[in-house]
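I'd like to ask some things about the structure below.
Since the model is a prediction, treat every value here as computed from it, not as a measurement.
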Amino acid sequence: MTTTVRADVCVIGGGPAGTTAARRLALLGHSVHLVERAVFPRRRLGECLAPGIAQVLGALGHAAPASLRPAELLARWAGDEHRSPTFVADRAVFDAFLLEEARRAGVRVSQPALARHPRRHEDGWRVEVRQSGQRFDLDCRFLVDAGGRRGLLRQRRYRGSARTTALYGYWSPGEWDGPEVRVAAGHDEWLCAALLPDATVNAMVFVERARCIALDTDGRQRLYRSLLSAWDLAGSGLGTQITETFACDATSSIAEHTVGPDWIKIGEAALTLDPLSAQGVQTAMTTAMQGSVAAHSILRRPATAATVAAFYHAHLRRLAGHHDGLGAEHYRRQHRVREGRFWTPRSLVPSSPDSVLPRT
């Protein structure tokens with residue numbers, strides 16, 4: 001017989017967005033159940049964070065964790081060089097810290113667990129959860145989708161930039177000296193290397209999706225290594241690659257619908273930014289703060305659902321347009337000194353119907 005567990009709110013995803021929303025909703029008096037599929041600690045991209053992350057943590061009542069450290073960024077871009085402050089995070093520790101803070105606020109956590117087949121019933125939602133070989137049904141009044149780009153509630157997505165793939169791997173630091181984060185514009189790609197608090201380096205190359213989509217694992221590795229060797233980001237060179245070469249989508253996008261009368265998308269499930277901004281984690285957490293307020297308002301005053309939903313979705317669209325515009329301006333600066341198949345399309349912000357990503 002399948003067990004049924006009940007909560008006011010079900011949050012899918014235990015990253016910075018999911019844990020932020022879950023904690024806030026618990027502190028607002030709701031019973032919250034969070035489902036996270038991965039075992040922590042885990043590596044995650046997004047180790048380079050914009051300085052505003054300190055203000056976000058402060059607004060949430062968190063002291064900056066030891067896994068988040070101030071750093072210096074050196075950027076070689078558009079024929080110029082500049083330095084600026086930034087932060088680097090050990091995401092394995094940082095994400096685990098946020099999850100523990102949610103637990104301390106009263107959030108019930110199922111981890112590792114897989115949420116599947118969300119379906120409506122008379123009182124809200126029923127989500128099938130599988131954990132440790134067992135299944136239970138999670139009934140909730142409100143569903144918060146913080147499940148990343150794919151998410152639990154599938155939606156079409158609209159691109160805000162040309163399709164981009166990130167190739168990345170983790171390295172020993174070699175003879176690293178100087179700024180902890182290095183960014184450089186290449187011929188038809190841009191690159192970033194960051195010395196992380198755990199004394200490893202995440203080296204990333206951002207390329208046209210078409211350039212690597214047909215490559216097998218070995219071909220992807222060769223492309224990644226050749227581009228890194230052509231642009232020495234670490235001064236004296238990287239050490240030894242200690243992981244395989246990974247690939248992930250790095251295209252900015254927004255979900256066609258981000259909120260409804262009994263559900264909401266937050267974090268990357270709602271909105272993804274170009275990694276050039278280094279504001280992905282910060283934006284995930286701020287959308288979670290805003291989304292938790294929207295969910296609380298809908299739960300307490302259901303008659304306001306349409307107004308709250310319209311405001312939240314309009315805010316996300318403005319946010320997406322703002323960041324896409326800033327990204328396009330950075331690419332335009334590089335395009336002025338080097339035209340090419342990578343820089344030209346990224347210097348424009350798409351607005352036509354063909355910017356719709358296929359349903360995934």
Side-chain angles (χ1 to χ4, degrees), residues 15-16 41-54 56-57 64-77 81-98 164-186 189-207 221 223-225 227-250 252 268 272-285 323 327 330 334:
R42 59 173 181 181
R43 286 192 184 275
R44 284 294 295 270
L45 274 185
E47 295 104 337
C48 300
L49 283 68
I53 190 64
V56 173
L57 289 168
S67 56
L68 181 70
R69 298 182 183 176
E72 184 182 32
L73 182 148
L74 170 64
R76 296 188 175 99
W77 198 270
E81 179 175 301
H82 73 273
R83 297 172 185 247
S84 59
T86 189
F87 281 89
V88 292
D90 181 339
R91 285 291 304 277
V93 181
F94 182 77
D95 288 11
F97 161 78
L98 293 175
T164 304
T165 295
L167 302 175
Y168 67 101
Y170 292 86
W171 299 66
S172 63
E175 299 180 22
W176 191 284
D177 185 31
E180 294 89 343
V181 182
R182 323 278 175 85
V183 172
E189 64 282 324
W190 69 273
L191 307 91
C192 177
L195 179 63
L196 306 179
D198 66 355
T200 61
V201 174
N202 182 6
M204 296 161 278
V205 181
F206 298 89
V207 300
Q221 171 84 351
L223 175 62
Y224 170 70
R225 298 289 290 266
L227 292 173
L228 280 180
S229 63
W231 303 95
D232 183 7
L233 295 181
S236 300
L238 294 169
T240 303
Q241 189 171 354
I242 57 178
T243 68
E244 64 181 291
T245 297
F246 305 102
C248 69
D249 186 8
S252 67
E268 288 197 335
T272 60
L273 304 182
D274 191 305
L276 190 59
S277 72
Q279 295 199 34
V281 173
Q282 177 179 327
T283 300
M285 295 176 72
H323 282 285
H330 282 295
Q334 176 63 20

Worksheet item: Do Trp190 and Gln334 have side-chain heavy atoms sitting under 4.5 Å apart?
Response: no

Practice prompt. Determine, step by step, whether Arg76 and Glu81 satisfy the salt bridge (Lys or Arg N to Asp or Glu O under 4.0 Å) criterion, reporting the C-alpha distance in whole Å, the side-chain angles of both residues, the deciding distance to 0.1 Å, and the verdict.
Written response: CA-CA 5 Å; Arg76 296 188 175 99; Glu81 179 175 301; 3.0 Å; yes

Discussion item. Measuring only between side-chain heavy atoms, which start at C-beta, is Leu191 closer than 4.5 Å to Leu228?
Written reply: yes

Worksheet item: Within a strict 4.5 Å, meaning less than it, do heavy atoms of the Thr272 and Asp249 side chains meet?
Response: no

Worksheet item: How far apart are the C-alpha atoms of His323 and Asp274, what are their side-chain angles, what is the distance that settles it, and do they pass the side-chain contact (heavy atoms from CB on, under 4.5 Å) test?
Response: CA-CA 8 Å; His323 282 285; Asp274 191 305; over 6 Å; no

Worksheet item: Shortest non-hydrogen contact from Leu238 to Ala203?
Response: CD1-CB, 3.9 Å

Discussion item. Could you go through Leu68 and Leu49, starting from their C-alpha distance and side-chain angles, then the distance that decides it, and tell me whether this counts as side-chain contact (heavy atoms from CB on, under 4.5 Å)?
Written reply: CA-CA 9 Å; Leu68 181 70; Leu49 283 68; 4.0 Å; yes

Worksheet item: For Arg43, does the CZ atom sit with more than 12 other heavy atoms under 6.0 Å from it, leaving out its own atoms?
Response: yes

Practice prompt. Start with the C-alpha gap between Leu45 and Cys248, add the side-chain angles, then the distance that decides, and say whether side-chain contact (heavy atoms from CB on, under 4.5 Å) holds.
Written response: CA-CA 10 Å; Leu45 274 185; Cys248 69; 3.4 Å; yes

Worksheet item: What is the distance from atom CZ of Arg69 to atom CD of Glu180, rounded to the nearest 0.5 Å?
Response: 9.5 Å

Worksheet entry | Separation of Glu72 CD from Thr86 OG1 (nearest 0.5 Å) | 10.5 Å

Fill in: Distance, nearest 0.5 Å, that separates CG of Leu73 from SG of Cys192
7.0 Å

Fill in: Result of checking Ser67, Pro41, Pro197 against Phe94 for side chain to side chain contact (heavy atoms under 4.5 Å, CB included)
Ser67

Worksheet item: Rounded to the nearest 0.5 Å, how far apart are CZ of Phe206 and CG of Leu167?
Response: 9.0 Å

Worksheet entry | Closest contact, heavy atoms only, Ala50 versus Ser277 | CB-O, 4.4 Å

Practice prompt. Specify the closest pair of heavy atoms between Pro85 and Pro51, including all atoms of both residues, with the distance to one decimal.
Written response: O-CG, 3.4 Å

Discussion item. Could you check whether Arg182 makes a cation-pi contact with Trp176, meaning its NZ or CZ is under 6.0 Å from the centre of the six-membered ring and within 45° of the ring axis?
Written reply: yes

Give every donor-acceptor pair under 3.5 Å between a side-chain atom in residues 278-285 and any protein atom, sequence neighbours left out.
from, atom 1, to, atom 2, distance (Å)
Gln282, OE1, Ile53, N, 3.3
Thr283, OG1, Gln279, O, 2.8

Fill in: Trp77 (side chain) donor-acceptor with His330 (main chain) under 3.5 angstrom
yes

Worksheet item: How are the rings of Tyr168 and Tyr170 set to each other: parallel, tilted or perpendicular (split at 30° and 60°)?
Response: perpendicular

Item to complete: List the atom of Pro65, the atom of Leu57, and the distance in Å for their closest heavy-atom pair.
Response: CD-CD1, 4.0 Å

Response to the item:
dist Phe97:CZ -> Asp90:CG (nearest 0.5 Å) comes out at 13.5 Å

Worksheet entry | Test item: Thr200 side-chain N/O and Ser172 main-chain N/O as donor-acceptor pair under 3.5 Å | no

Practice prompt. Show the numbers, then the answer: is there a side-chain contact (heavy atoms from CB on, under 4.5 Å) between Val201 and Leu196?
Written response: CA-CA 6 Å; Val201 174; Leu196 306 179; over 6 Å; no

Worksheet item: Do Glu244 and Gln221 come within less than 4.5 Å of each other through their side chains, counting heavy atoms only?
Response: no

Response to the item:
Between Val181 and Cys48, the two heavy atoms sitting closest are CG1-SG, 4.0 Å

Worksheet, complete the sentence: Closest non-hydrogen contact found for Val205 with Leu227 is CG1-CD1, 3.6 Å

Worksheet item: Does a salt bridge link Glu47 with Arg91, judged by any charged N lying under 4.0 Å from a carboxylate O?
Response: no

Worksheet item: Parallel, tilted or perpendicular: which describes the rings of Trp171 and Tyr224, with under 30° parallel and over 60° perpendicular?
Response: tilted

